[in-house]
Amino acid sequence: MHELLTVSASEIARRIRHRTITSREAVEVHIRHAEQVNPAINAIVRERFDQARREAEAADARVRGTADADSLPPFLGVPCTIKENFAFTGMPNTSGLVSRRHVIAEQDCSAVARLRAAGAIPLGVTNIPELCMWVESNNRVYGRSNNPYNPAHIVGGSSGGEGAIIGAGASPFGLGGDVAGSIRLPAFFNGVFGHKPTGSLVPTSGQHPPPEGRIQHYCTVGPLARRAEDLMPLLRLLAGPDGIDTECREMPLGDPAAVRLAGMRVLCVPGNGLRAVSPDLSAALLRASRGLEQSGMRMNWRRFRRLRYSFNIWASMMHAASRTAFSTHLGNGRKIRIGAESLKWLARRSPHTLPSLGLALLERLPMPHGRFIETGRRLQAELLEALGDDGIMLFPSSTIAAPRHLEPLRTPMDYAYMGIINVFGMPSTQVPMGLDRNGLPLGVQVISAPGNDHLTIAAALELERIFGGWIPPWRASERAVSAISPRLQPLQDLPLAARLARGLARA
């Protein structure tokens with residue numbers, strides 16, 4: 001595999017600026033790899049390879065014509081990918097809805113425009129669940145995406161195609177959106193980094209469905225990347241009001257490089273008290289805590305009783321903030337008849353997926369929303385008090401590593417491990433933590449108080465330094481066991497490492 005398939009976008013940009021490689025070379029390497037892997041994972045659903053090549057040649061001409069390399073845009077000539085529900089000129093913007101299958105975007109949304117102004121070159125758009133509201137990226141327009149570590153497993157949602165193509169090594173970074181884990185779950189399931197910014201830091205305009213009112217605060221836009229180095233530079237590019245998103249605010253962004261890790265308080269929360277976390281993910285959280293502890297950070301293990309209501313809190317706060325019913329979005333402006341559509345689904349004639357119909361039904365069910373909103377306020381106050389102004393929190397990403405296709409239908413509330421962070425407006429960075437005994441990615445969330453994005457990213461950089469971060473699928477079998485540092489591995493976890501080694505030998 002070409003080295004350019006493993007380095008950060010920032011490193012590719014540096015090499016282009018200093019003429020050790022060309023943009024055309026970087027783009028071509030990623031296109032060739034995408035052509036090899038995409039038929040199996042179905043991550044890129046509409047490519048623009050020829051346009052990308054032309055944009056790469058223009059970037060190279062710009063480099064040749066500039067004496068001052070530092071004056072060039074920060075990601076000039078670097079390939080990337082874009083989640084399909086973001087408006088991107090000339091590309092489909094269906095959001096996986098059959099009734100929108102002929103919709104082509106006529107302009108770039110704010111986030112896409114900012115990436116392109118920074119010189120990034122999109123290779124195409126990537127797959128999502130129907131209307132971006134499920135944990136498996138599958139719809140009736142583009143079909144289903146498959147995990148690059150094992151195609152029998154899901155890629156997550158809603159930025160699932162982004163997670164898969166980046167995890168496969170065919171894109172250095174991508175643009176995702178997150179209202180209940182939609183950046184972090186795909187990053188977790190596909191073994192890469194993802195950052196959900198502080199609420200209202202990045203404009204959400206230009207997505208479909210369009211976030212409305214307070215949903216603009218809960219729904220965040222952020223980067224997925226194979227290397228942690230890219231997270232803060234990309235966040236700085238994306239952040240700031242655009243005059244369209246009415247919730248977006250100008251906020252100062254700290255510098256991860258200036259963060260003093262020694263002495264920092266780390267709140268370690270092993271679970272939400274409702275859905276148990278697998279031994280592999282619990283061990284990953286323990287390894288992360290011990291790694292940061294050896295870097296001088298102070299650990300404090302704690303449970304929060306109200307976390308068990310995470311799903312109810314998320315659903316109630318989303319319900320209170322919503323202006324348009326999900327069933328109306330499903331009907332592309334006209335509320336669908338759920339009973340009729342359910343019968344059509346049974347007859348295999350519905351244009352909708354089962355999770356979408358289930359969500360449309362769920363929003364009609366009575367729930368004591370006021371009570372759960374109040375519970376949420378109390379939980380939020382508890383978490384913020386425990387974190388203070390300069391603390392971080394380690395929290396499981398989900399209950400298990402990437403499940404098999406359709407399996408999330410049995411455990412639909414697992415995404416509450418991430419959704420609760422959205423409605424509290426807190427930043428969260430998803431960090432890869434090696435592979436489990438089946439060769440699937442493990443990970444952990446690093447969370448902090450609103451405005452402390454630099455703290456979660458600083459911790460992600462440190463965890464990457466200690467544990468290695470993303471393991472390319474083609475290196476997975478050789479590195480799965482060595483990714484766990486023997487120096488940090490507790491004795492009680494040795495049987496786990498042994499089982500992992502045996503599983504790799506069988507594979």
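Residue numbers count from 1 along this sequence. These numbers were taken from a predicted model, which means no experiment stands behind them.
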Next on the checklist: Suppose we screen for side chain to side chain contact (heavy atoms under 4.5 Å, CB included). Which residues come up paired with Arg19, at least two apart in sequence or across chains?
Outcome noted: Val63

Checklist entry - CE/Met393 to CG/Leu387 distance, rounded to the nearest 0.5 angstrom? => result 7.0 Å

Next on the checklist: Using 0.5 Å steps for rounding, measure from the CD1 atom of Ile457 to the CD1 atom of Ile392.
Outcome noted: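 That separation rounds to 12.0 Å.
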
Checklist entry - Hey, does Asp255 have a side-chain heavy atom less than 4.5 Å from the side chain of Arg236? => result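 They are in contact (side-chain heavy atoms under 4.5 Å apart), so the answer is yes.
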
Do we see a donor-acceptor contact under 3.5 Å between the side chains of [X] and [Y]?
X	Y	value
Asn438	Asp280	no
Gln445	Ser397	no
His195	Asp453	yes
Glu212	Ser322	no
Glu84	Ser95	no
Asp245	Ser205	no

Next on the checklist: Using modelled atom types and a 3.5 Å cut-off, is there a donor and acceptor pairing between side-chain atoms of Arg184 and backbone atoms of Gly194?
Outcome noted: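 No, the answer is negative, given that no donor and acceptor are paired below the 3.5 Å cut-off.
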
Checklist entry - Are any side-chain N or O atoms of Arg140 and backbone N or O atoms of His352, one a donor and one an acceptor, separated by less than 3.5 Å? => result yes

Of all residues at least two apart in sequence or in a different chain, which pass the side-chain hydrogen bond (donor to acceptor under 3.5 Å, both in side chains) check with [X]?
X	answer
Lys196	none
Ser158	Lys83, Ser182
Glu136	His405

Pairs of donor and acceptor atoms involving the side chains of residues 217-224, under 3.5 Å and at least two apart or interchain, shall be tabulated with distances.
residue : atom : partner : partner atom : Å
His217  : ND1  : Ser200  : OG           : 2.7
Thr220  : OG1  : Asp178  : O            : 3.3

Checklist outcome for this item: Quick note, side chain to side chain donor-acceptor pair (under 3.5 Å) partners involving residues 60-80, not counting sequence neighbours, are none

Checklist entry - Are Phe193 and Phe173 close enough that their ring centers fall under 6.0 Å? => result no

